[in-house]
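Every chain is numbered from 1 and lettered A, B, ... according to where its sequence line falls, protein lines coming before strand lines.
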Protein chains: 2
Amino acid sequence: MPAPVRSQLTHALETGSKAERAIANYMLSTLDQVPFETAASLAEKVGVSEATVGRFCRGIGYTSFKDLKEHLKDDLGDHPWLVSDRLNELRNTARDDESHLSQGMELEIAAVVRIYEYARSPEWQNVVARLARTQNVYVAGFQTERGLAQYFANQMQYLRDKVTLVDLAGGNFAEVLATDPDACLVIFEARRYSRLAKLLAREAKSAGIPVTLITDVFCDWGHEAADEVFAVPTQFNQFWDSTAQMASLSNLIINGVCMELGPQVEERLNRIAGLYGRFTGHVGDPVAAIEK
Amino acid sequence: MPAPVRSQLTHALETGSKAERAIANYMLSTLDQVPFETAASLAEKVGVSEATVGRFCRGIGYTSFKDLKEHLKDDLGDHPWLVSDRLNELRNTARDDESHLSQGMELEIAAVVRIYEYARSPEWQNVVARLARTQNVYVAGFQTERGLAQYFANQMQYLRDKVTLVDLAGGNFAEVLATDPDACLVIFEARRYSRLAKLLAREAKSAGIPVTLITDVFCDWGHEAADEVFAVPTQFNQFWDSTAQMASLSNLIINGVCMELGPQVEERLNRIAGLYGRFTGHVGDPVAAIEK
DNA sequence: GCAAAAATGCAAGATAACTTTCACACGGTC
DNA sequence: GACCGTGTGAAAGTTATCTTGCATTTTTGC
C-alpha cells in the first residue's frame with residue numbers, strides 16, 4: 001500500500017517537473033476540493049493538460065486520478081500520532097491476504113473518530129442528561145444486537161436504578177409501553193432490521209417516551225421513529241458487517257451518564273461490587289469471604 | 001440559505017418514496033464520503049438501481065448525481081472530511097471539559113490497532129480454526145461482559161450450529177464440563193474478575209477443553225487457566241473502564257470463522273434470516289409475508 | 001379486492017472521464 | 001548548430017458513468 005496521498009504530493013513538490021510541481025502544489029492547497037475534481041477540471045485550473053494529470057498520478061504510484069481520490073478517501077494522513085509506527089507497520093507489512101485486514105482497520109478507526117464526533121454533538125448531551133435523570137430507562141436490542149443492549153443495560157445498572165432490558169418474552173412490550181410515563185428507551189439495531197425495532201420505536205414515541213436509536217448508516221426509518229439516531233459505521237471491508245463499534249458508543253454514553261450523576265455513583269458501584277463478591281466472589285477474594 | 005443540499009436531503013427523508021428515503025438517509029449519514037461515490041457505487045450500497053439514484057437527484061432539483069456533488073462542494077464548506085483532519089479537529093478544538101475525550105479517543109484507536117495486531121498472530125489462527133471445526137462451542141461472560149458473550153454467541157450461531165451461551169442458572173456448568181469432549185470455550189471477562197471465570201476456565205482446561213480468554217491487560221491468572229489469552233486495552237482516560245473493544249475483537253474472530261467455513265455459510269445465513277422473517281419479520285417485508 | 005398510478009430495475013444508448021499514441025517543444029550536450 | 005532526452009499537449013481510443021425507454025413490481029385509492 002502506497003504512502004499516504006499527502007506525503008506523496010509533498011514529495012512530488014521537490015522532485016517533480018514544473019508541471020508536476022504545479023499539480024502537486026495545487027492539490028495540496030485545495031485538498032478538500034480534490035474529491036470534486038476530475039482530471040480535466042483539475043488540469044484546466046492548474047493550466048496543464050488532462051493527460052499530464054493522469055501521468056502525474058501514475059508517476060506517484062496510483063493507477064489514475066480516480067485511484068488517487070480513492071486512496072484519499074480513507075487516508076489517515078501522515079501526521080504523527082500516538083500509534084503511527086505500529087499502524088504503519090501493520091499497513092506496510094501486510095501480505096496480500098492480509099491487506100483487507102489493514103484496510104478494515106483504517107475503516108474501523110474512522111468509525112471510532114465518527115463516534116467521538118457524535119459525543120460532542122448537542123443531541124448527545126440530551127441523551128446523556130435524559131439517561132441520568134429519567135425515572136425509568138428501558139433498553140432493547142434485536143437479533144445479534146441483543147447482546148449489545150444487554151451490555152449497555154448491565155453497565156447502566158451499575159450506575160443507576162430502574163434500568164430494564166426489555167424483551168418479547170411476554171409477547172408484547174407492556175413493560176415499556178403501559179407503565180410509568182417518566183421513561184426513555186434506547187434501541188440497538190442494524191440491518192436487516194427487525195420489524196419489532198421499528199414497531200417498538202413508533203409505539204414508544206407515540207406514547208410520549210423519548211427514543212434513542214443506535215443503528216447503522218443504512219437505517220432509513222430511524223428519523224421518523226426515534227428522537228435521536230446515532231448511525232455507526234459497520235462496514236470494515238470484511239465479509240461480515242460489524243456492529244461492534246456500537247459498544248464503544250454505548251460506553252461513551254455510560255461514561256457521560258457517570259459524570260452527569262457525579263460522585264454519588266461511586267457508592268452504588270461499591271455496593272454492587274460488594275453484592276457480587278458475597279454472592280459469587282471475585283478472583284483474589286480471601287477464601288473466607290466466599291464461605292460466609 | 002445554509003447547506004441547501006443537506007436540507008433538500010432532509011426534506012426528501014420525509015416526502016420521498018421508500019427508495020428515495022433510503023438514498024437520502026445514506027447520503028446524510030455519510031455526507032463526507034459522498035464526493036467519492038458514483039451513482040453506481042451509491043446505488044449498490046443503498047440497494048437500489050443506478051437509475052433510481054439519477055432520478056432521485058433530478059427529483060430534488062439537480063440535473064444529475066454529478067450536479068449534486070457539484071453543489072455539495074460549496075455546502076460542505078470548510079468541514080474537514082479527511083480522517084486525519086477530523087482527528088486533528090477533534091484534538092484541537094476540544095474545550096477544556098472535552099480534552100479528556102479526545103485523549104480517550106487516541107487510546108481507543110490504539111486499542112483497535114492492538115486488536116488488529118492480534119488478528120495476525122498464530123494463536124489467532126488457532127482459535128479461528130478451532131471455532132470453525134470443533135463440534136461444540138461454548139461461550140461465557142460474567143458481570144458486564146455477559147452482554148459481549150451473548151453478542152459473540154448470537155453472531156456465531158448465524159455461522160454454525162451448536163453454539164451455546166453458558167450460564168450459572170443450574171448452579172454448575174455441567175452443560176460444558178460434563179458433556180461431549182469435542183468442545184471449546186470462549187470466556188469474556190474483565191476486572192474485577194468473577195471467581196466463576198477463573199474456576200470455569202480451570203475446570204474446562206483440566207477436562208481437556210481448549211479455553212480462549214478475552215480479557216483486559218490486568219488479568220494475571222489468564223495464562224495458567226486458558227490456552228489463549230487476548231488482552232484488550234480498556235483504559236481510555238475515562239471515569240469508567242471500557243471493555244467495548246472486545247466487541248471489535250470478537251467480530252474479527254467471527255469474520256475469520258466466516259472465511260474458514262467458506263461459501264457454505266451463506267446458505268445458513270439465508271436460512272436463519274428466513275426463519276427470523278417468518279417468525280418475527282424484518283422492516284420492509286411485504287405485509288403479506290408477516291401474515292402467513 | 002381490484003384497477004389505476006407510481007415507483008423501480010433492467011438494458012441499451014449517450015455522454016463524460018480517462019488513457020494512449022504520437023508529434024512537437026524545450027533544455028542541455030557535444 | 002545538430003543531436004538527444006525529457007516533458008508536454010492534441011486527438012484518437014478506451015473505459016466508466018450516467019440517462020432513457022420499457023417491462024415489471026409495488027403502492028394507492030376506491
Side-chain angles (χ1 to χ4, degrees), chain A residues 5 9 11-27 33-73 192 195 198 218 220-221 224, chain B residues 5 9 11-27 33-73 277 281-292:
Chain A
V5 176
L9 290 176
H11 185 242
L13 270 185
E14 289 154 19
T15 61
S17 69
K18 208 175 97 189
E20 290 181 344
R21 287 198 310 275
I23 296 171
N25 178 58
Y26 184 84
M27 285 222 243
Q33 297 291 310
V34 170
F36 298 100
E37 307 275 1
T38 70
S41 69
L42 197 96
E44 199 202 327
K45 281 169 193 155
V46 178
V48 298
S49 79
E50 204 177 330
T52 304
V53 173
R55 270 191 290 259
F56 169 72
C57 295
R58 232 158 300 124
I60 61 172
Y62 305 95
T63 66
S64 67
F65 179 64
K66 236 182 320 186
D67 185 47
L68 183 149
K69 282 199 286 187
E70 200 53 37
H71 281 82
L72 206 50
K73 181 164 69 175
R192 291 180 56 192
R195 197 175 59 85
K198 187 175 176 183
F218 304 102
D220 58 355
W221 50 271
E224 70 178 76
Chain B
V5 176
L9 290 175
H11 185 241
L13 270 185
E14 287 155 19
T15 61
S17 68
K18 208 173 94 188
E20 290 181 343
R21 285 199 313 273
I23 296 170
N25 175 65
Y26 184 81
M27 286 222 242
Q33 298 287 313
V34 170
F36 298 101
E37 305 277 0
T38 71
S41 69
L42 197 102
E44 199 203 327
K45 281 169 194 155
V46 177
V48 300
S49 80
E50 206 177 330
T52 304
V53 173
R55 274 191 287 255
F56 169 72
C57 295
R58 233 158 299 125
I60 60 171
Y62 305 95
T63 66
S64 68
F65 178 65
K66 242 183 312 184
D67 185 47
L68 184 149
K69 281 199 286 187
E70 203 52 38
H71 283 80
L72 200 57
K73 179 158 70 176
H282 294 106
V283 171
D285 282 349
V287 177
I290 298 167
E291 293 176 347
K292 266 176 197 167

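Between the side chain of A:S41 and the main chain of A:E37, no donor-acceptor pair closer than 3.5 Å is present.
More than 12 non-hydrogen atoms from other residues, nucleotides or ligands lie less than 6.0 angstrom from NZ of B:K45. The environment of CD in A:E44 is sparse: at most 12 heavy-atom neighbours from other residues, nucleotides or ligands sit within 6.0 Å.
Atom pair B:I60:CD1 and C:dA7:C1' shows a separation of 17 Å (rounding to whole Å applied). Rounded to an integer number of Å, the gap from CD of B:E44 to P of D:dC18 is 14 Å. If you measure from atom NZ of A:K66 to atom P of C:dA17, you get 10 Å, rounded to the nearest angstrom. Atom P of nucleotide D:dT19 and atom CG of B:L42 are separated by 13 Å, given to the nearest angstrom. For B:D67 and C:dA16, the CG to P distance is 13 Å, given to the nearest whole Å. The distance from atom CZ of A:R58 to atom P of C:dA17 is 17 Å, rounded to the nearest whole Å. Between the NZ atom of B:K69 and the P atom of C:dA16 there is a distance of 15 Å, given to the nearest Å. For the pair B:L68 CG and D:dC18 C1', the computed distance is 14 Å after rounding to whole Å.
Distances shorter than 4.0 Å separate some side-chain N or O of A:S64 from OP1 or OP2 on C:dT19.
Distance CG/A:N25 to CG/A:L13: 6.0 Å, rounded to 0.5 Å.
A:S41 comes within contact range of no nucleotide atom at all, as no heavy-atom separation falls under 4.0 Å.
Just one of B:L9, B:V48, B:L42 meets the side chain to side chain contact (heavy atoms under 4.5 Å, CB included) condition when paired with B:F56; it is B:L9.
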Set out, line by line, the N/O atom pairs under 3.5 Å between protein and nucleotides 8-12 of chain D.
from: D:dT8; atom 1: OP1; to: A:S17; atom 2: OG; distance (Å): 3.4
from: D:dT8; atom 1: OP1; to: A:A19; atom 2: N; distance (Å): 3.0
from: D:dT8; atom 1: OP2; to: A:S17; atom 2: OG; distance (Å): 3.1
from: D:dG9; atom 1: OP2; to: A:S49; atom 2: N; distance (Å): 2.9
from: D:dG9; atom 1: OP2; to: A:S49; atom 2: OG; distance (Å): 3.2
from: D:dG9; atom 1: OP2; to: A:T52; atom 2: OG1; distance (Å): 2.7
from: D:dG9; atom 1: N7; to: A:R55; atom 2: NH2; distance (Å): 3.0
from: D:dG9; atom 1: O6; to: A:R55; atom 2: NH1; distance (Å): 3.3

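No side-chain heavy atom of B:V46 sits less than 4.5 Å from a side-chain heavy atom of A:D220.
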